[in-house]
Amino acid sequence: MGFPSMVVSSLLVIVSVAWVANGDSLVPALIIFGDSVVDVGNNNNLNTLIKADFPPYGRDFVNHLPTGRFSNGKIAIDFTAEDLGFPSYPPAYLSQEARDNNRILTGANFASAASGYYDGTAQLYAAIPLTQQLTYYREFQARVVDTVGRARANDLFASAIHLLSAGSSDFIQNYYISPLLNRAYTPDQFSDNLIRSYSTFIQNLYGLGVRRIGVTTLPPTGCLPAAITLFGAGSNECITRLNQDAILFNSKLNSTSQSLVNRFPDLKLVVFDIYQPLLDMITRPAENGKVLTLQKVVSQHVKHW
């Protein structure tokens, strides 16, 4: 589920500043999982309708060509890579570029537009489910071990930053439009299903030696253009019930993440709240520019590091 450019910019601010502010400006690798917010071209290699490999996508990118990013230019994760000091962006894992083992030593991007915590969402759109993204990550790890050896590889996996952005597609592109799902589950029950998948995913990463993970909350999904178009009944206002569902999910995400940290004391798992800053920017833009939002984010998240 794509975000407006304002949302993408704010995701950049939240993700990059929180780590840099904590003094971790240099890391060995940047690993990405998730959906269209962070997909840099994996869907180009799939037989899916959910693609961004044609104009006007990419017209303001470095080469002015579509890359598979769901944006006219750079996306949040590109700026994050720059801020962390990487000379290039983590390549889409299914791309030709990522076939070079040396190229992926600084990270890779496994994200796929229309993916989510619920595998059925990705399957509906022939995208890459999060479980398959994890399978690709295991393959990535094996390639890194083959290239640099087990000891150095283990250090890389533990020190690398792993980012996850998912959940919006599960609701907007699946639950709300699927009679089978929304009749079988209440939003609360569906959130529980997603959270179980999230918890399993994090525990699987931990079992693979990953120790630094950042996950974004849901944005105010009722304010996304696609949601307003589909469910707004002709209004251009945010849809309250959808935002309430996002708040409910985010509460579960935070409590589950805290439980995981309590269970695994050496796990650095940070939940980046993008809901409230973005809602403030949408509903009170004159009062909540990027600088103010940045100040809010830093005050909320630096204390966790």
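As the structure is a prediction and not an experimental result, all values here were calculated from the model.
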Interatomic distance, OG1@T147 vs CZ@R103, rounded to 0.5 Å, equals 13.5 Å

OG1/T106 to CG/L84 distance, rounded to the nearest 0.5 angstrom?
-> 11.5 Å

Note, [X] side chain near [Y] side chain (heavy atom, < 4.5 Å):
X    : Y    : value
T67  : V40  : no
I247 : S251 : no
L46  : L94  : yes
F33  : L130 : yes

For the rings on [X] and [Y], is their centre-to-centre separation under 6.0 Å?
X    : Y    : answer
F157 : H162 : no
Y93  : Y137 : no
Y136 : F110 : no
Y89  : F86  : no

Do any N or O atoms from the side chain of [X] and from the backbone of [Y] form a donor-acceptor pair under 3.5 angstrom?
X    : Y    : answer
N182 : Y175 : yes
T121 : S169 : no
N109 : P91  : no
S36  : F70  : no
Q141 : L208 : yes
T200 : R196 : yes
R143 : R99  : yes
Q123 : P129 : no
D170 : Y117 : yes
N254 : N250 : yes

F190/F171 under ring pair (Phe, Tyr, Trp, His ring centres under 6.0 Å): CA gap, chis, key distance, verdict = CA-CA 9 Å; F190 187 65; F171 282 98; 5.4 Å; yes

Residues K74 and D60 bridged, charged N to O under 4.0 Å | no

Electrostatic pair K252:D192 at N-O distance under 4.0 angstrom = yes

Exactly one candidate in V270, I31, I161, L205 meets side-chain contact (heavy atoms from CB on, under 4.5 Å) with I213; the answer is L205

side-chain contact (heavy atoms from CB on, under 4.5 Å) with S165: which of D39, T216, I32, V215?
-> T216

Please test I202 against L267 for side-chain contact (heavy atoms from CB on, under 4.5 Å), starting from the C-alpha separation and ending with a verdict.
-> CA-CA 10 Å; I202 297 300; L267 173 63; 4.1 Å; yes

Answer yes if the side chains of [X] and [Y] hold a donor-acceptor pair under 3.5 Å, and no otherwise.
X    : Y    : value
S159 : R211 : no
T135 : E139 : no
T48  : N43  : no

Of all residues at least two apart in sequence or in a different chain, which pass the side chain to side chain contact (heavy atoms under 4.5 Å, CB included) check with Q189?
-> Y185, T186

Apply the test side chain to side chain donor-acceptor pair (under 3.5 Å) to residues D266 and Y206: give CA-CA distance (whole Å), side-chain angles for both, the deciding distance (0.1 Å), then the verdict.
-> CA-CA 10 Å; D266 59 337; Y206 183 86; 2.6 Å; yes

